[in-house]
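A short write-up of the structure that comes next.
Just so it is clear, the model here is predicted, and its values are computed rather than measured.
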Amino acid sequence: MAREYDVAAVERKWQDRWRDEGTYEVSNDDPRPPFYALCMYPYPSGPAHQGHVRNYTFGDLIVRYQTMHGKAVLSPLGFDSFGLPAENAAIRTGTHPRVFTEARIAELKESLTRLGAVYDWRREVVSHDPAYIHWNQVIFLRLLEAGLAYRALAPVNWCPGCQTVLANEQVLADGTCERSGDVVEKRDLEQWFFRITAYVEELLLGLDDLEWPERVKAMQRNWIGRSEGAEFDLVVEGRPELSLRVFTTRPDTSFGMTYAVVAPEHPLVDELTRPEQRAAVDEVRRRAAAETEIERTAEGGALDKRGAYTGSRVVNPFNGEPVPLYVADYVLMGYGTGAIMAVPAEDERDWDFALAHGLPYVRTVEPPDGWDGSGNGAYTGDGVKINSGFLDGLDVVAAKARAIEWLEERGIGVRKVNYRLRDWLVSRQRFWGCPIPIVYCPGHGAVPVPEADLPVLAPDDVEFLPTGRSPLATNEGFLHTTCPVCGGPAQRETDTMDTFVDSSWYFLRFCDPFSTGMPFDPAAAVHWMPVDQYIGGVEHAILHLLYARFYTRALIDVGLAPGLPREPFRRLFTQGMIRMDGTKMSKSKGNLIAPADYYESAGADALRLFHLSAVPPTDDMDWTDQADEVIDGCARFLDRLCRLVAADDVVARDGEPGEPDMAVRRTVHRTIRLVTVDIERWSYHTAVAHCRELLNELLVYQRVDGGPCRDVLDEGRDALLLLLAPMAPHLTAELWELVHGPGAAVHAQAWPSFDPALAEEASVILVVQVNGKVRDRIEVSPEVSAAEAEALALASPKVAELLDGGTPKRVVVRPPRLVNLVL
RNA sequence: GCCCGGAUGGCGGAAUCGGUAGACGCGGAGGCCUCAAAAGCCUCUGCCCGCAAGGGCGUGCGGGUUCGAGUCCCGCUCCGGGCACCA
């Protein structure tokens, strides 16, 4: 389409100027109030896609908006540059991951620059920078010293596709890898963990005060999975010295226990299995070890095969009754005590298992009248306790408390809180990540690499082969070293850290990326932190955001960040994702619509406006056929803005504004108020709509009979340019310079303020309803009194017709908006 | 199964406190300009009845509260997301 201005030239000109003049560089001793605006640093996968454009348009708007509010805005960007795609590319093409990654970073940087997004590039942090690796490793050693990092043999999630271990958080609900989609296997391996569980209660409670989307907070609470209950011992029948500890959230149902279950991996299984049951128990254990989660849970899981009687019985301490002890894979070793009391009448899983194994049930809660128990006979709701001895007659909540008291009085059990959250497994059997700074000595075991010898860097002379083994594990030069303790021969740890470790503190490095003696100067971090506005995709709701909250606390507690606030991200905004044909728009799906195409045609400003105005920022956006037409509409809007500002045939008049001019002024001031409020509440799409309304009105006013009043037109034009400056930065900068002369910078101006008196309407529409239906509309003053409003309504000819001489039974008057006459 | 969202014209969406439903945009129709087209400009555009004036209906479904409900309450349906043998 033919444009009113040379889009490419104008956008390039301003991008160059912002870069050359360092417009958005900010120093740590800047006297203005600090504001930290941060978009999640991206994995460099190549040129920006529409999801990036959306994310960084929102972020850039905030940077420019807060700058116009007089803040010193910290706007850094870096790249989450370690990760598997680069390593896979190396295996495929023979290119070193560093070379590959740096080429992708250059592409992404270029396309974000062309979007007009501005950053203090001096502060750029990339994960694979040796300086960043250095401090990553220092932090690891400090965590180790503090007991927050440890090594343990543990059943881990092994992804055969990625040839590495995964964190629990990286395994999807169906047991597959979130990256490769392969079915994750179980393996027992010696791995490094971070003790995130030490902070579990704080991580849970801290959520309450955060200005985060409720949805994200709910997801984190859910993931942490706190549940309250009791732990107590079941003595094995005939063996008073031996007992089994169980955890339950329903101690009130203890009288309904008709059997008990241990996990197949439970250490007491062997001892509790009687010879005649050995074969059946072994079969359950074999299946549990061999089958994946999917196989086990598929098709209802053939419950009769998933458990077996051990031959032992355990005694219910509440009533002294012995009940059979089963082994079954529906009880997990990794949660609670790995053993449960089973109450079929009040637990659905126990009900199903009891049914499959012909076990009885005893109800301990009276189900309500009309409850038919069809489907599953377990009743899990509230009700009056029955068949429960001293608990009878209580409700569930009271009975829980009483049951725990009873256990504690007798020393049989205790109140207990359990969490779903496990420690964070950080070892990865990959090359392109931060090496774990540990050496294994035959005499001294795992020994930390002395800080003076850091960083431990991966060698460059490695071969990338599709063997599934990290090149580090076979590189002799890297592998062999000496023990820091005894000087004897030793081997290096060849695992690297999960890349989520890198992203757990990059926002702190941004505060002071120039620091050489420490990860960051705590004073600088305290100056900028917490992040005032964090922006990113909701897909990071659990992993990254939970890890970063943990890491910030850990860094404070090991003394690396004294004085830092414990919550790193005060305000979080999660933008919706971009979908196409019902799925996420992504490279792997092959449905990318490249932003570069639009930079050439409609321009970055038009593309930005599109992303700001198309849908509410939190909503997912469907990229449909309509997108191109809407983007053209955004370009048309910018052309109309050009015509407003650059029109050379307008005959404006000087002198006092009359009433029609004042009406325009009122629109201007009202628009300033509306747009400001909308930006503060993340309603960018309505902010754009209000700017469009103002432009429409100004264009009409410009051609008004008798000519517009010059001051009013100028005021409106300037206000509009200022309001649009964070949204369409290139064109507003160009037009501002056109109007105010060379050197004038729209982004250096203060955000426009409005006159509250002018922002009010001069007149409002009084709606007259009869029996709740709108029958007339009358223009009135906003100050109209109730009596006046009622009189005006009754005087309406339409109302008179409906009244037909009668009087209303009731009159509701809400001046100045509404009168409702009830007949 | 549990926990969060959501459902408004042909489409994206607006309605911040219970008070004009449909702002703004896309698409569509008609007109102006033009030799013609593009661009631009103007008017109309929820549905139904009506020549019109006007009237009726209308925010997923069924109830309720209220002078008045897209908005609040109760009960559903469908869609999206998260969690899921977590005892």
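- Applying the 4.0 Å criterion to OP1 and OP2 of B:rC41, one finds that A:R703 has every side-chain N and O outside that range.
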Using a cutoff of under 3.5 Å, can you pull out all pairs of nitrogen or oxygen atoms linking the protein to nucleotides 18-22 of chain B, with atom names and distances?
unit_1, atom_1, unit_2, atom_2, d
B:rG19, O6, A:R814, NE, 3.2
B:rG19, N2, A:Q769, OE1, 3.4
B:rU20, O2, A:R777, NE, 2.8

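- Comparing B:rC4 with B:rC42, their C1' atoms are spaced 48 Å from each other, to the whole Å.
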- Query: Which letter, B, S or -, goes with each nucleotide of nucleotides 9-15 of chain B from 5' to 3', with contact meaning a protein heavy atom under 4.0 Å?
  - Reply: -BBSSSS
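- Remark: A:R636 is in phosphate contact with B:rC26, judged by side-chain N or O atoms under 4.0 Å from OP1 or OP2.
- The phosphate of B:rG82 (OP1 or OP2) has no side-chain N or O of A:K217 nearer than 4.0 angstrom.
- On the P atoms, B:rC67 is 30 Å away from B:rG5, given to the nearest whole Å.
- Checking the phosphate oxygens (OP1, OP2) of B:rA87, a side-chain nitrogen or oxygen of A:Y335 falls inside 4.0 Å.
- Summarising the base pairing, B:rG19 is matched to B:rC67 through a Watson-Crick or G-U wobble pair whose two defining distances lie under 3.5 Å.
- The separation of B:rG54 from B:rG40, taken at their C1' atoms, amounts to 38 Å, rounded to a whole angstrom.
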Is there any protein nitrogen or oxygen under 3.5 Å from a nitrogen or oxygen in nucleotides 69-76 of chain B, and what are the pairs?
none

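- Pair check for B:rC26 finds B:rG10; Watson-Crick or G-U wobble, both atom distances under 3.5 Å.
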